[in-house]
Amino acid sequence: MDQANVSKIPNLMKKIIAGILIALGVLVIFFIVVTVINNFRTTSLSQPVSYNQGLGSGIATGMMGLAPSAPSFQDNSIPERAIAPMPSTAPTASETGTIQQKVIKTASLSITVNDVDKTVGQITNEAVLVSGFVQNSSVTENEKGIKYANIILRVPVASFENLISKIKSFASLVDREDINGQEVTQEYVDLQASLTHNLAVEAQYLELLKRAQTVEEIIAVRDKLDQVQGQIEQIKGRIRYLDNQTEMATIAVNISSEAKVTLPAEKWQPWEVIKGAAKNFIVGLQNFANFIILLIFFLVTLIPYLIVIYLIYRLVKWLIKKFKKPKQNI
C-alpha cells in the first residue's frame with residue numbers, strides 16, 4: 001500500500017465516526033420529543049372531569065364504606081323530596097352496635113405415631129365429640145412400609161386448643177406445630193356498615209321504581225337497583241364466609257409412622273444377581289458405542305464451519321500483511 005492510500009484511512013475513519021455520532025444525536029432528540037408528547041397527554045388525561053349528578057350517582061362505589069348516594073331523576077318527574085335523604089357516609093362501628101372480636105384460627109401439626117390408621121381414627125372421633133368434622137383425609141404407604149396420612153379438621157373455636165393438645169398426646173414425636181390467628185374484626189365491622197347503607201339505598205330504589213311512570217324511568221331504576229342488589233349479595237357472602245371461618249377453626253395434621261425394620265429375603269438368588277450385572281454391563285457398552293458414533297458424526301458436521309473459519313483467518317492474515325507499513329531502511 002502506497003503512502004497516499006495510507007493517509008486516506010484516518011480521514012475515512014473520521015467520517016464513519018462522525019456519521020455514527022450524528023445518527024445517535026438524531027435518536028436522542030427523537031426520544032426527547034416523544035417523551036415530552038407522552039407527558040403532555042398524560043397530564044391532559046389526568047385532569048378531573050365533572051359529571052352531572054342524576055340517577056347514575058346511585059351506583060354502589062365499593063364494598064367497604066364507599067356506598068352509593070341517594071338516587072334521583074334529572075327531569076324531576078319523581079321529586080327527590082318524596083324520598084328521605086340518605087346519609088353522606090356509611091354508618092360507623094358505633095352505629096351498628098358492638099361486634100364481638102373476630103379471629104380466624106388455624107393450626108398445622110406434623111406428628112410421628114406408631115400406628116397411622118389407629119391415630120386417624122382417634123383424631124376423627126375426638127373431632128366429632130366436640131361437634132367438629134373431617135373436611136379432608138388421605139392415607140398413603142411407600143415402598144419401605146412407611147405410612148403417611150393427611151387430615152384436615154373443622155372444629156368449634158372453643159375446642160381449638162384442647163383438641164390440639166389431644167392430638168399431640170397421640171404422637172410419639174411432634175415434629176412441627178404452627179398456630180396462627182388472623183384478626184378480621186375491622187373488616188367485619190366495615191362490611192356490616194356497608195350492608196346497612198346499601199340496604200337503605202335499595203329501599204330508595206324500590207320506592208323510586210314504584211313512582212316511575214315511563215318505560216325509560218323504569219329501565220333506568222331497574223338497572224341501578226340490580227347493581228345495588230348485586231353489591232348487597234357480595235357483602236352478605238363475605239360476611240357469611242367470615243362467620244364460618246371465625247366460628248369454626250381449621251386444624252391440618254400430617255401423620256407419619258415410624259420406619260419398619262424389614263428382614264432380608266428368605267431365598268438368596270446369586271444367579272439372578274449375575275444376570276442383572278451382565279445385563280447392566282452390556283447396556284453400558286451399548287451406551288458407550290452410541291456415544292462414540294454420535295461424537296464422530298458431530299465432528300463431521302463441524303468440518304464446513306472449520307473450513308470457513310480457516311479461510312477467514314487466512315484472509316485476515318493476508319490483509320494485515322498487505323496493508324502493514326513496511327519499515328524504512330536507515
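For this chain, numbers begin at 1 and follow the sequence in order. Worth saying up front: this structure is predicted, and the values here are computed from it rather than measured.
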Test of understanding: with side chain to side chain contact (heavy atoms under 4.5 Å, CB included), list the residues that count as partners of [X], not counting sequence neighbours.
X: L319; value: L315, F323
X: V134; value: T124, S137, I151, L153
X: N244; value: R154
X: K321; value: none

Roughly how far, to the nearest 0.5 Å, is the [atom2] atom of [Y] from the [atom1] atom of [X]?
X: E177; Y: I111; atom1: CD; atom2: CD1; value: 10.5 Å
X: N125; Y: K166; atom1: CG; atom2: NZ; value: 11.0 Å
X: D117; Y: K147; atom1: CG; atom2: NZ; value: 3.5 Å
X: L306; Y: L311; atom1: CG; atom2: CG; value: 11.0 Å
X: N150; Y: N136; atom1: CG; atom2: CG; value: 8.0 Å
X: D178; Y: T106; atom1: CG; atom2: OG1; value: 9.0 Å

Option among N162, I164, L129, L163 that satisfies the side chain to side chain contact (heavy atoms under 4.5 Å, CB included) test with V155: L163
Any side-chain heavy atom of [X] sitting closer than 4.5 Å to one from [Y]?
X: I251; Y: I123; answer: no
X: E217; Y: R211; answer: no
X: Q182; Y: E187; answer: no
X: L195; Y: L199; answer: yes
X: E126; Y: V130; answer: no

Not counting sequence neighbours, which residues clear side chain to side chain donor-acceptor pair (under 3.5 Å) with [X]? List them please.
X: E202; answer: Q229
X: S172; answer: E258
X: E143; answer: none
X: N254; answer: none

How close do [X] and [Y] get, counting heavy atoms only, and between which atoms?
X: V184; Y: V103; value: CG2-N, 4.5 Å
X: Y148; Y: V116; value: C-CG1, 4.4 Å
X: V221; Y: Y205; value: CG1-O, 3.4 Å
X: A171; Y: V113; value: CA-CG1, 3.9 Å
X: I235; Y: L191; value: CG2-O, 3.5 Å

Quick check: does any side chain N or O of [X] sit under 3.5 Å from a backbone N or O of [Y], one acting as donor and the other as acceptor?
X: E183; Y: T185; value: yes
X: S110; Y: R176; value: no
X: Q245; Y: Y241; value: no

Is there a path of hydrophobic side-chain contacts, each under 4.5 Å between heavy atoms of I/L/V/M/F/W/Y residues, joining [Y] to [X]?
X: L208; Y: I218; answer: yes
X: V128; Y: F170; answer: no
X: V253; Y: V174; answer: yes

Residue pairs, two or more places apart or on separate chains, that pass salt bridge (Lys or Arg N to Asp or Glu O under 4.0 Å) and touch residues 301-315: none
For V308 and I312: C-alpha separation, side-chain torsions, deciding distance, then whether side chain to side chain contact (heavy atoms under 4.5 Å, CB included) applies. CA-CA 6 Å; V308 173; I312 294 174; 3.9 Å; yes
Kindly list each side-chain donor-acceptor pair under 3.5 angstrom involving residues 280-295, sequence neighbours excluded, with atom names and distances?
unit_1: N280; atom_1: ND2; unit_2: G276; atom_2: O; d: 3.2
unit_1: N287; atom_1: ND2; unit_2: V283; atom_2: O; d: 3.2
unit_1: N290; atom_1: ND2; unit_2: Q286; atom_2: O; d: 3.1

Before giving the answer on side chain to side chain contact (heavy atoms under 4.5 Å, CB included), spell out for V157 and T246 the whole-Å C-alpha distance, their side-chain angles and the decisive distance to 0.1 Å. CA-CA 7 Å; V157 173; T246 54; 5.8 Å; no
Is it true that S194 and N198 share a donor-acceptor pair across their side chains at a distance under 3.5 Å? yes
Going through the checks in order, is the side chain to side chain contact (heavy atoms under 4.5 Å, CB included) test met by F298 and T301? CA-CA 5 Å; F298 175 73; T301 57; 4.2 Å; yes
Would you please test L225 and R222 for side chain to side chain contact (heavy atoms under 4.5 Å, CB included) and show each step? CA-CA 5 Å; L225 181 60; R222 185 74 258 179; 3.2 Å; yes
With a cutoff of under 4.5 Å between side-chain heavy atoms, which Ile, Leu, Val, Met, Phe, Trp and Tyr residues group with F133? M248
Residues forming a salt bridge (charged side-chain N to carboxylate O under 4.0 Å, His left out) with D243, sequence neighbours excluded: K102
